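Everything below concerns the one structure shown next.
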2 protein chains.
Amino acid sequence: MAPSKKDLCFRDLRNRILQLDLAPGADLDETSFSTHYGLSRTPLREVFQKLAGEGYLSIEPNRGAVVAAMDLYTMRRFFQTAPIIYAAVARLAAEQAIPAQIKALKDAQTHFMSARAASDNAALALWNHRFHEIIGEMATNPYLLPSLRRLLIDHTRMSHIFYRAKTAEDSIRVLRAAQQHDEMIEAFATHNAELAVELTLDHWALSRGEIEKYVWPDPLPETYMQPFSGDSQ
Amino acid sequence: MAPSKKDLCFRDLRNRILQLDLAPGADLDETSFSTHYGLSRTPLREVFQKLAGEGYLSIEPNRGAVVAAMDLYTMRRFFQTAPIIYAAVARLAAEQAIPAQIKALKDAQTHFMSARAASDNAALALWNHRFHEIIGEMATNPYLLPSLRRLLIDHTRMSHIFYRAKTAEDSIRVLRAAQQHDEMIEAFATHNAELAVELTLDHWALSRGEIEKYVWPDPLPETYMQPFSGDSQ
DNA sequence: TGTATACTTCATGTATACAAAATGGGTAGT
DNA sequence: ACTACCCATTTTGTATACATGAAGTATACA
């Protein structure tokens, strides 16, 4: 029942991709990774195939595996698609939720809070990921789940950037997200589908705002601009 | 540039699954399939992994690959999810469509019509599948595409049953579907998103009706019931 | 100097041999 | 007759050797 070396390899690679430790577009050498994880190339290639199947990697014939790209084009689609799928999944999850899943959700939330307390931003992003993955599992919809999983991959990779809360304002946003998680758990537990959808969209709006804040930050104060102005060059 | 043995194997297995030649739940022996396709087990296993990644198979560790199941539970989800995804994809496809894709769509439709003329029901189902897959590609949304692909797998597997048009009524339905395809092509070509969505939902309604007709057929005439009535047993 | 081409090198793809796990059948015990 | 357990057989999993194909480098030629 202990997880095999192959499973460990799979999970580690997945986490490293989610944490941007393996950057989008990075190409993965079979030989070096196989020696690193103590596997031969055959099972390692199978791990790559599985990761590719879930959208973490893409494999080009005769050219090996590369971490799934995150270009501007993809991000446009992300913002367009995420709220639709998140809302649809939330509705189903609220309708379907069983006690064991609510418990799993609470556990994930506990870990999320611990990571927040410890300012462990990598764990924070990963437990947030897990939290939303469980919601996907609650929906028990084999057609929507692969879409949700792909959205979560990119969502986590983006959020990883701003979960390194630096300012007090960032820290408040994370707290707000945590509160929303608790409210969502309650909505799922009481099978309140309408509320679950509403909270999910609120949660999305917060996260989207964080990302936008990162991409289009407030302009720097005038004084900071001084060194770059002038007529050098 | 010629397709490799591995590609041929992949495509053949995919088609066989879509045509129910490989039944849902059937388990696939690695050795026999590898000899059948003239591959060794290593590349065959990679084909299996890829098929599993796209939802055609599921692989259980130490227990091999089985064709994706189609139970009642899954079908319920299918009817629940298909119209949402189909509509969303149709909208995006209409917005995004480029001439080359419209041409690909017309080609698929030509093949569809040929299959209809030849009463080649296997080809009919497969070209219908391809037609809708192209629409998915037109949407160029990497998040929705995996959901759409999974829906199409099961949709094609179901439709395969009733594309063996027996009655004149069946034949008229197929003709109607073909007409809808033409109307949809026009809507995509003119970037008419609203119309594309409307036509897509009509198309879905027709298909859904066909499936329901198959699952809940008209009751047999009274006279047919006679042999089964009575007090035997 | 620029370009084309052959060669070297390295990474990916495939086959095969071996290891480990699961299945099925038979036997012993209750 | 039923159940539990062990062994034989089959099937899946892993390692390694070899084949194939891509990328980069050096050399010859224009």
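For clarity, every value in this text was computed on a predicted model and none was experimentally measured. Throughout, protein chains are lettered first and strands after them, A, B, ... in sequence-line order, and every chain is numbered starting at 1.
Here the closest non-hydrogen pair linking B/Val67 and B/Leu57 is CA-CD2, 3.8 Å. Nearest approach of B/Phe131 to B/Leu105, heavy atoms of both residues: O-CD1, 3.4 Å. For the residue pair A/Arg157 and A/Pro24, the shortest heavy atom distance occurs at NH1-CG, 3.7 Å. Pairing each heavy atom of A/Leu18 with each of A/Thr156, the nearest pair is O-CG2, 3.9 Å.
For the contact set between residues 54-65 of chain B and DNA chain C, defined by any heavy atom under 4.0 Å, the members are B/Asn62, B/Arg63. Shown for residues 25-43 of chain B: residues whose heavy atoms fall under 4.0 angstrom of DNA chain C, namely B/Leu39, B/Ser40, B/Thr42, B/Pro43.
Annotation: side chain of B/Arg130 is not in contact with side chain of B/Leu126 (no heavy-atom distance under 4.5 Å).
Look at NZ on B/Lys6: it is 13 Å from P on D/dG21, rounded to the nearest Å.
Relative orientation of the A/Phe78 and B/Tyr143 rings is perpendicular, given thresholds of 30° and 60° on the angle between their planes.
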Checking B/His203 against B/His181 for the side-chain contact (heavy atoms from CB on, under 4.5 Å) test, could you report, in this order, the C-alpha distance in whole Å, the side-chain angles of both residues, the deciding distance, and whether it holds?
CA-CA 8 Å; B/His203 195 54; B/His181 281 186; 3.2 Å; yes
Give the C-alpha distance, both sets of side-chain angles, the deciding distance and a yes or no for side-chain contact (heavy atoms from CB on, under 4.5 Å) between B/Arg14 and B/Ile153.
CA-CA 9 Å; B/Arg14 191 195 50 185; B/Ile153 291 170; over 6 Å; no
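For A/Asp107 and A/Thr110, the side-chain atoms include no donor-acceptor pair closer than 3.5 Å. In this structure, a donor-acceptor pair under 3.5 Å is present between the side chains of A/Thr81 and B/Asn141.
End-to-end axis angle of the helix from C/dT1-D/dA30 to C/dT30-D/dA1, from C1' rotation axes over five pairs per end: 10° (rounded to 10 degrees).
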Report, one line per pair, each donor and acceptor closer than 3.5 Å where one atom sits in a side chain of residues 45-55 of chain A; sequence neighbours left out.
residue	atom	partner	partner atom	Å
A/Arg45	NE	B/Glu46	OE2	2.8
A/Arg45	NH1	A/Glu30	OE1	3.4
A/Arg45	NH1	A/Glu30	OE2	2.9
A/Arg45	NH2	B/Glu46	OE1	3.1
A/Arg45	NH2	B/Glu46	OE2	3.1
A/Glu46	OE1	A/Lys6	NZ	3.0
A/Glu46	OE1	B/Arg45	NH2	3.1
A/Glu46	OE1	B/Gln49	NE2	3.3
A/Glu46	OE2	B/Arg45	NE	2.8
A/Glu46	OE2	B/Arg45	NH2	3.1
A/Gln49	NE2	B/Glu46	OE1	3.3

Using a 3.5 Å cut-off and no angle test, enumerate the donor-acceptor pairs between side-chain atoms of residues 86-98 of chain A and protein atoms at least two apart in sequence or in another chain.
residue	atom	partner	partner atom	Å
A/Tyr86	OH	A/His155	ND1	2.7
A/Arg91	NH1	A/Glu194	OE2	2.9
A/Gln96	OE1	B/Arg77	NH2	3.1

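On the nucleic acid side, DNA chain C contacts chain B at distances under 4.0 Å to non-hydrogen atoms, with the end points of that region at C/dT14 to C/dT23.
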